[in-house]
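Notes for the one structure printed next.
Position 1 is the first residue of the sequence; numbering continues from there.
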Amino acid sequence: MDVIATAAPALGEALALIFQPQQLMFLFLGVLLGLSVGVFPGLGGIAGLSLVLPFMFGMDPVSGLALMVGLIAVVPTSDTFASVLLGIPGSTASQATVLDGFPLSKKGEAARALSAAFISSLFGGILGAIVLTFFLLVARPLILAFGLPEMLMITVLGLSMVAILAGRIPLKGVAAAGLGLLIGTIGESDASGSLRMASYDIPYLVDGLKLVIVGLGIFAVPEIVALLRQDRAISKSGGLGSGWMRGIKDWAANLWLSVRSAAIGVIVGVIPGLGGSVVDWITYGFTVQGAKDKSQFGKGDIRGVIGPESSNNAKEGGGLVPTLIFGIPGSGSMAVFLGGIALLGYDPGPHMVRHNLDITYTIVWSLALANVFGAGLCILLSNQIARVTTIRFTLVAPFLFMIISFAAFQSAQTLWDLAALMGIGLIGIFLRRFEWSRPAFLIGFVLSSQAESFANQAVQIATLRFRRGFWDGMEYIGSPIAIAILILTVISIVIGIRQGKQILGSGEPPVATRRAPLVFLVIVTAYVAIAVWDAAQINILRDKIFPVTVGIVTLIACAVLLFRMARAPADDAVFADLEAGPEDGGAPHGLWSTLGWFGLLLILASLLGFILALGVFFVLFLRMRAGCGWVQTLILTAAAVGLMCLLGGVLGRDFPPGLLQEYFDLPWPLT
């Protein structure tokens, strides 16, 4: 009763905050942004959140949360368009939907598949919010039992889960997470300020890399480049056919499947690090196993749409459990969301649930309301959105390059932001190409500072306790909760190694030659070795112990991978290379020439300043790459420059200056 008495007022305050006109406006704006991002294949919630993250500075906290939650909620709904209409996963959370959604679309039943998907997503999202509301009531007393050792162990659990289950080759997941952790240690140590892989000669690296840049570089840049290489419209026909009501009837007839799938989504979302990378495959597997007639799966069975789509939105509610309660991201998008909450002045984790329960419930029920908005908009705008997919992506890409460059610049307001975006973008491209886990890398980066802080503090306290007595120290580090989490970590690793391949992939990956994957692994290994050597030179033990430990584990993973590559045949999955596949390998435009256009924008910005660079870039790109006429080129260029000036003016943001601005005093927005 005490728990309910504490939670009821907080829930009431949260609902009062949510239904204020200003918060509803920001929530609706977030839904519109999420809808816009989700329609384009491959971008997903991580790229969308990374775009709005720079604008969290100075925002009203509740408004900022409403904006982010609205975006998060609708992406798993709107990404269904790409999966059903194009046969391209809109995001990692909608891969399984392609298996039956796209065949239904080819049969002329796209409307049926979309309506079933939208109602399933709505149901799953609301169920996830309800479960999370009651889970927080139960979890609050449990949170009080979590100290530093327990928080450190749950951080390790999150890392182990994502590293093992987010890739076809488990060791690649371990190495990717380790690389993310090491890159997260660049700059001054929080403990004593020692520099790691940085120098005061390059002040930009002293503060480390920013989450906005890493999120955009790892996810947005590779996907935009991959789509741009195809040089085609996203869809050939904008028609959906009929069958809207039939899809809703299909969902009603399979209500128990939707309930079961949503429950799976919540459970998978709760486990730190799993999230969208596996939930659709797990749910699809359960859907097929539970069906009496399995003959139509993969050929256009509506149950193959309802199951995964019910779990996708439900997993966002489940993913908020570790994110809000322990400060451990439940997925890649939650990793970026975690950074956004911190920018708004809140401390995600036990402290937030104890002292800001009203804000916690605001997030939860904003998610439920955003699902209602999102599903409604998707249904209302379906025909129009389907027509948008007929636009050549070549005309969309320069606008996306413009937006992500502007978003990246908001991190430190320096051209180094753009250089860092290009560098991290290259890493993202290679991780994608050679099937290294990008979610593992990102979550490793996000958890790096937190894991190091927990480890340092826990070691200091444990050392003092052991000085008092052996059993006193063991009582501190060997609490029942810490041991239980350790056992769960070991079990997750064992299960992940055994079943990860079955969960995450069907068929064999494309393989070209042994050379390219091997060269990339050697470069990663060399960087990790240099990072370990660099950290080992630090005199202060607590500033070097974390990067050295992480680096050694990562080096071991890389060494085992090297050994496997040396012994494996040339067609082994360890040599996976998307450039050998039909999608990337058969693209009419090369990887480097396509990436070169993005590089050109950054070079022009460093010389002329961002706004002047945009004008030159758009003219060159639209004329030479897109083949547009002069009238269309000038109209689109003016629209791009005008949009950017409007955005900068409304938000009060400056634009990246170039070499030109050092010699000439130009007015805004040319400054």
Side-chain angles (χ1 to χ4, degrees), residues 42 44 46 89 91-92 95 159-184 214-223 225-226 273-278 331-332 335 423-448 496-497 500-501 503-505 508-529 531 550-551 553-565 568 572-581 583-584 591 595:
I46 296 174
S91 69
T92 55
Q95 297 173 80
L159 286 168
S160 69
M161 297 293 277
V162 74
I164 296 299
L165 290 180
R168 192 187 300 268
I169 305 294
L171 278 172
K172 285 186 178 180
V174 174
L179 184 62
L181 282 164
L182 282 176
I183 289 180
V214 174
L216 287 172
I218 291 296
F219 282 91
V221 172
E223 300 303 338
V225 169
L274 284 183
S277 58
V278 297
S331 65
I424 298 296
L426 280 172
I427 295 175
I429 285 171
F430 285 123
L431 291 177
R432 175 186 178 275
R433 174 177 172 177
F434 299 120
E435 285 200 347
W436 287 51
S437 172
R438 287 181 289 166
F441 178 94
L442 182 62
I443 292 179
F445 178 84
V446 170
L447 292 181
S448 181
I497 291 174
K501 185 175 180 180
I503 291 173
L504 284 168
E508 292 299 319
V511 175
T513 63
R514 300 161 61 104
R515 182 179 177 182
L518 180 60
V519 169
F520 177 65
L521 176 57
V522 169
I523 292 172
V524 170
T525 306
Y527 173 82
V528 174
V550 170
V553 173
T554 309
L555 273 178
I556 292 172
C558 290
V560 176
L561 275 172
L562 285 169
F563 180 75
R564 175 170 172 177
M565 283 187 173
D572 192 275
V574 75
F575 296 111
D577 186 350
L578 294 186
E579 286 298 307
E583 191 71 19
D584 288 11
L591 171 61
L595 184 63

*Taking only residues two or more places apart in sequence, or in another chain, which ones meet F430 in a ring pair (Phe, Tyr, Trp, His ring centres under 6.0 Å)?*
F520, W592
*asked:* Determine whether F445 and L179 satisfy the following criterion, side chain to side chain contact (heavy atoms under 4.5 Å, CB included), listing intermediate values before the conclusion.
replied: CA-CA 8 Å; F445 178 84; L179 184 62; over 6 Å; no
*Side chain K172, main chain L561, donor-acceptor under 3.5 Å*: no
*Can you see which heavy atom on P222 is nearest to which on I429, and at what distance?*
CG-N, 3.6 Å
*Student check: side-chain heavy atoms of P510 and L578 closer than 4.5 Å*: yes
*I427 and I424: CA distance, side-chain angles, deciding distance, side chain to side chain contact (heavy atoms under 4.5 Å, CB included) verdict*: CA-CA 5 Å; I427 295 175; I424 298 296; 4.1 Å; yes
*What heavy-atom pair brings V550 and G178 nearest, and what distance separates the two atoms?*
CG1-O, 3.8 Å
*Apply the side-chain contact (heavy atoms from CB on, under 4.5 Å) test between M565 and each candidate in V560, D572, V522, L521; give the one that qualifies.*
L521
*Of the non-hydrogen atoms in R438 and G428, which two are nearest, and what is the gap between them?*
CD-O, 3.8 Å
*From L562 CG over to T525 OG1, what is the distance, rounded to the nearest 0.5 angstrom?*
4.5 Å
*Could you walk me through whether I183 and F441 pass side chain to side chain contact (heavy atoms under 4.5 Å, CB included), step by step?*
CA-CA 9 Å; I183 289 180; F441 178 94; 3.6 Å; yes
*Got a sec, which residues hit side-chain contact (heavy atoms from CB on, under 4.5 Å) with A559, two or more places apart in sequence or on another chain?*
none
*Can you sort out the partners of R432 under side-chain hydrogen bond (donor to acceptor under 3.5 Å, both in side chains), two or more places apart, ordered by chain and number?*
D584
_Any side-chain heavy-atom pair of S437 and L431 under 4.5 Å_ = no
*Who pairs with V519 by side-chain contact (heavy atoms from CB on, under 4.5 Å), at least two apart in sequence or on another chain?*
R515, I523
*asked:* My understanding is that only residues two or more places apart in sequence, or in another chain, count here; which of them pass salt bridge (Lys or Arg N to Asp or Glu O under 4.0 Å) with R433?
replied: D577
*Locate the shortest heavy-atom distance separating L181 from S448; write the atom from each residue and the value.*
O-OG, 2.8 Å
*Pairing residues for F575 by the ring pair (Phe, Tyr, Trp, His ring centres under 6.0 Å) criterion, not counting sequence neighbours*: none
*asked:* The test is side chain to side chain contact (heavy atoms under 4.5 Å, CB included); show your working for V174 and T554 and say whether it passes.
replied: CA-CA 7 Å; V174 174; T554 309; over 6 Å; no
